[in-house]
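Quick note on labels: first sequence line is chain A, next is B, and so on, each numbered from 1. All values reported here derive from a predicted model rather than from experimental measurement.
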Amino acid sequence: MGLIASTEDSDESLMRLIRQESHQAFAILVRRHTDRFFAGAYRMCGNAQEAEDMVQDAFLKIWQNPDIWKEDKGAKFTTWFYRILVNANIDRLRKTQKVVSGETVLPFIADKGSTPEMQAAEGEEQQRIERALAALPERQKTALTLCFYEGLSNAEAAEAMGVKIKALESLLMRAKTGLRDYLKQNNNPEQGGLYAAR
Amino acid sequence: MQPDDNELNFLLSQRAAPPRARADLAERIIHAAVTQMRDKPRAQNFWDDFMAMFAIPHPSVAVATGIILGLVLGLQASDGLTILQQDWSSFLYVNEGGWL
């Protein structure tokens, strides 16, 4: 039958077995990637409970309907999974009426001092970073998260976000410009330096 | 690249690491998958089961075996008395000799 999964199998091999209803393959895949995807989801949504829900829902979606994984398109499993998470995050924001399409700054950014992410941040510098990131439009923040924190290449991040590489590079550039502007505007003159608090 | 790119990258790298997922998150997902085993529509199940009754695991082997058996049995039956029947008759005859 060939349904015996091994921890040494590639993600793509495990997905083939999951298509044949191998729960063992599913378990290996989940144990292998849960922590990584949780971290990515948390950086996107800033809430541990919601990040857990996003990761769980995404995995169960795969289990229920593994045919959504199109191997012939050549995407790595991890890149493809990030795409599910990115879409889940957009859906989550839409449901909570907190997102407006495109580059509009999100309403919840107006509250710059009390997201769970910020509460978790230790020290003034980390709070400044969280505020600066939270001030970015959602797509710019996602692009930065995927490339900078999740270690995806530009091509992979573009695929995960469903945009062209040029568009992703533009998002990254605008994100960095936005961060610089924010940090300069919120510079603490007493401490000096471009981004202060350091 | 702007001159303060490195500074910005350094600053971003100082961001607090995300908390670790709860230790049992993976196991909860795995368990949830068991309880949500894929359920096919009932009609689809019926037709799958029905068609499975006619499925031959190795069609070529099954056809070849059928042909060989057919030839052997057909040749044996050609004179109206099969070898098996002859063997059975001789067995009865020998038995009449009283060795059983």
Side-chain angles (χ1 to χ4, degrees), chain A residues 18 21 23-24 26-43 46 48-49 51-52 55-60 62-66 116-118 120-123 125-130 132-133 144-145 148-149 173 175-177 179-180 183-184 193-195 197-198, chain B residues 1-70:
Chain A
I18 290 170
E21 303 193 9
H23 186 261
Q24 185 193 18
F26 179 77
I28 292 171
L29 199 67
V30 170
R31 290 192 186 112
R32 184 182 291 173
H33 290 299
T34 294
D35 287 345
R36 175 185 179 174
F37 290 138
F38 170 80
Y42 180 85
R43 284 191 176 110
Q49 184 57 52
E52 283 191 2
V55 173
Q56 176 162 336
D57 290 348
F59 270 121
L60 291 179
I62 291 174
W63 173 247
Q64 287 287 332
N65 187 11
E117 221 170 16
M118 290 171 189
E122 292 175 2
E125 181 168 305
Q126 285 177 347
Q127 284 185 22
R128 278 165 48 79
I129 298 168
E130 295 303 334
L133 286 167
L144 205 63
T145 299
F148 197 89
Y149 294 108
M173 207 166 66
K176 288 192 171 182
T177 305
L179 283 175
R180 276 192 206 97
L183 291 168
K184 279 176 188 167
L194 179 58
Y195 301 124
R198 300 212 292 125
Chain B
M1 178 181 282
Q2 298 197 23
D4 52 358
D5 238 19
N6 288 338
E7 202 172 356
L8 182 63
N9 287 343
F10 176 78
L11 193 69
L12 286 172
S13 69
Q14 299 302 302
R15 187 185 187 190
R20 289 189 64 80
R22 273 187 283 177
D24 65 340
L25 176 60
E27 300 310 315
R28 277 191 289 128
I29 294 171
I30 293 164
H31 180 72
V34 174
T35 57
Q36 295 181 22
M37 291 301 276
R38 295 171 208 164
D39 32 69
K40 288 185 249 176
R42 190 168 290 179
Q44 191 187 341
N45 265 338
F46 172 79
W47 286 112
D48 284 350
D49 293 345
F50 182 75
M51 294 308 290
M53 290 194 297
F54 300 99
I56 301 172
H58 301 287
S60 55
V61 175
V63 169
T65 308
I67 290 171
I68 291 167
L69 272 175

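Residue Arg22(B) holds its CZ atom at 5.5 Å from CD of Gln49(A), rounded to the nearest 0.5 Å. In this structure, CZ on Arg15(B) lies 4.5 Å from CD on Glu130(A), to the nearest 0.5 angstrom.
Taking the ring centre of Phe38(A) as origin, the terminal cationic atom of Arg20(B) falls outside the region bounded by 6.0 Å and 45° from the ring axis.
Scanning both residues, Ile129(A) and Leu11(B), for their nearest heavy atoms gives CD1-O, 3.0 Å. Contact detail for Phe59(A) and Ile29(B): the closest heavy-atom pair is CB-CG2, 3.7 Å. Here the shortest heavy-atom pairing between Trp63(A) and Ala33(B) reads NE1-O, 3.1 Å. Looking at every heavy atom in both residues, Ala26(B) comes nearest to Thr34(A) through CB-OG1, 3.7 Å.
A donor-acceptor pair under 3.5 Å is absent between the side-chain atoms of Tyr42(A) and the main chain of Ala17(B), judged by distance alone.
The candidate from Lys176(A), Glu52(A), Gln56(A) with the greatest count of non-hydrogen atom pairs under 4.5 Å with chain B is Glu52(A).
Contact annotation: the side chain of Glu7(B) never approaches that of Arg180(A) to less than 4.5 Å [non-hydrogen atoms, C-beta and beyond]. A 4.5 Å side-chain heavy-atom check between Leu144(A) and Leu12(B) finds at least one atom pair inside the cut-off. A heavy-atom distance below 4.5 Å is found between the side chains of Leu183(A) and Leu8(B). Asn9(B) is listed as a side-chain neighbour of Phe148(A), based on a closest heavy-atom distance under 4.5 Å. The closest side-chain heavy-atom distance from Arg31(A) to Ile30(B) is below 4.5 Å.
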